[in-house]
Number of protein chains: 2
Amino acid sequence: MVRAGLSTERLVRAGAELADEVGFEQVTVSALARRFDVKVASLYSHLKNSQDLKTRIALLALEELADRAADALAGRAGKDALSAFADVYRDYAREHPGRYEAARFRLDPEAAAASAGGRHAQMTRAILRGYDLAEPDQTHAVRLLGSVFHGYVSLEAAGGFSHSAPDSQESWTRILDALDSLLRNWPTP
Amino acid sequence: MVRAGLSTERLVRAGAELADEVGFEQVTVSALARRFDVKVASLYSHLKNSQDLKTRIALLALEELADRAADALAGRAGKDALSAFADVYRDYAREHPGRYEAARFRLDPEAAAASAGGRHAQMTRAILRGYDLAEPDQTHAVRLLGSVFHGYVSLEAAGGFSHSAPDSQESWTRILDALDSLLRNWPTP
DNA sequence: GCCATTTGCCTAAACCCTTTAGGAAGCAGC
DNA sequence: GCTGCTTCCTAAAGGGTTTAGGCAAATGGC
């Protein structure tokens, strides 16, 4: 009986791949066990339960996404930074749909606190330093950007913009232009 | 043996209520059977399968949402229409979280075509008549609005904006102001 | 009011996923 | 080569999905 060499690390990584292949919803402990050609119960030495697996995949995705975003942001400012940051989200979602779904997985407060969520918020604020927004407008703008990025990417993933003109890439570009313009001319009531 | 008086109609309606109570993910044929105090297999006379149930709940939610939006839009234009329309989405999601999740359920192309999805798109376009946008910018704007509304509401539902100042209502108001301003000053490249 | 047909709900059973308990074999350090 | 920890296993219970086949309640024609 040769051992499979499982570890939490390997399982989570394989789970993320599985998510990209079949969708995050379909990631099950059973499917993962099949992938390692191992009995289901064996995974429970490395994973607390199914929820634990999903949480860990979500944390992995958030971390990867934050790393990419940090990379993209380095040395950029203003519209340049805005576009680069937005593209990171969109590209990640297209390359890794399952992981992206995972990143949207509702974490319990404890996991959320330990997640890269804070880095994401910090980076969004960093982008806004290129625009002239004081609080509380800066926070409103952070929320707007988060909404647009997440909303667009998830509608696109759901197929909302395919099979109709103009193509999605064009809308994306023009929406980023529009957001840049909006941030430069943020209305005061 | 008294009959329970099941029907597809009643099951879907009860399924929608169940979704609001426990979340759309937790809506199962079994849970629904328990609610009617009936054996699980009995539901399969009225429902093709679990997917069918979820699809029908999604269609119901989309229909309700479109009805409310149509109501809100009647007699309004410009910013007034924009705000009323946006509030319909947000309020519906807060009143009926499970149904709102359902409305975001990925439908198969056939169901999507038969859904109220088209009405939603039409209404968004109607709002933009109050602004001066020619194609293809109108389509870009439709996509932007859809992204913001969906994105904001779903981040809010995930608890993203709670427990931090300024409160969500204020951001929402200011974001609608910002969108109105953006639509009135849509940048041309 | 009776009977035949339709319909609605049931039992039974197969299959899959989750999770826990307890056991045996691999591997490391001495 | 023994000791003990870890890894993986078998077994079993519990829940959800789905199909097949059966009996009883409702319905409508006479």
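Just so we're on the same page: letters track the sequence lines, and every chain starts at 1.
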Here the distance between atom C1' of D:dT7 and atom CG of A:Leu11, to the nearest Å, is 12 Å
For B:Arg143 and A:Pro166, the nearest pair of non-hydrogen atoms, with its separation, is NH1-O, 2.7 Å
B:Lys48 NZ to D:dT17 C1', in whole Å, measures 14 Å
Side-chain contact check for B:Val38: nearest option of D:dT10, D:dC8, C:dC9 is C:dC9
**Message:** Does D:dT7 have its OP1 or OP2 closer than 4.0 Å to a side-chain nitrogen or oxygen of A:Ser42?
**Reply:** no
Correct closest heavy-atom pair for B:Asn49 and B:Tyr44 would be CA-CE2, 3.8 Å
Between CG of B:Asn49 and P of D:dG16 the distance, given in whole Å, is 17 Å
Distance col, row B:Leu82:CG vs B:Thr124:OG1, nearest 0.5 angstrom, shows 10.0 Å
B:His46 has its side chain closest, among D:dT17, C:dC9, C:dC17, to C:dC9
Atom CG of A:Asp52 and atom C1' of C:dT19 are separated, to the nearest Å, by 13 Å
B:Leu6 CG to D:dA26 P, in whole Å, measures 13 Å
May I ask you to decide whether B:Arg68 forms a salt bridge with B:Glu95, counting only side-chain N to carboxylate O separations under 4.0 Å?
-> yes
Separation of C:dC16 atom C1' from A:Lys39 atom NZ, nearest Å, is 14 Å
Whole-Å distance, B:Leu47 CG to D:dT19 P, equals 12 Å
d(B:Asp52 CG, B:Ile57 CD1) to nearest 0.5 Å is 10.0 Å
Check your understanding: Taking OP1 and OP2 of C:dC16, is either one under 4.0 Å from a side-chain nitrogen or oxygen of A:Ser30?
Key -> no
### Message
For C:dC16 and A:Arg34 - does any side-chain N or O of the residue sit under 4.0 Å from the phosphate oxygens OP1/OP2?
### Response
no
Winner on side-chain proximity to A:Ala41, out of C:dT20, D:dG16, C:dA12, is C:dT20
Q.
Strictly below 4.0 Å: does B:Ser50 bring a side-chain N or O up to OP1 or OP2 of D:dT17?
A. yes
When rounded to whole Å, the CG to C1' distance for the pair B:Asp37 and C:dG8 reads 15 Å
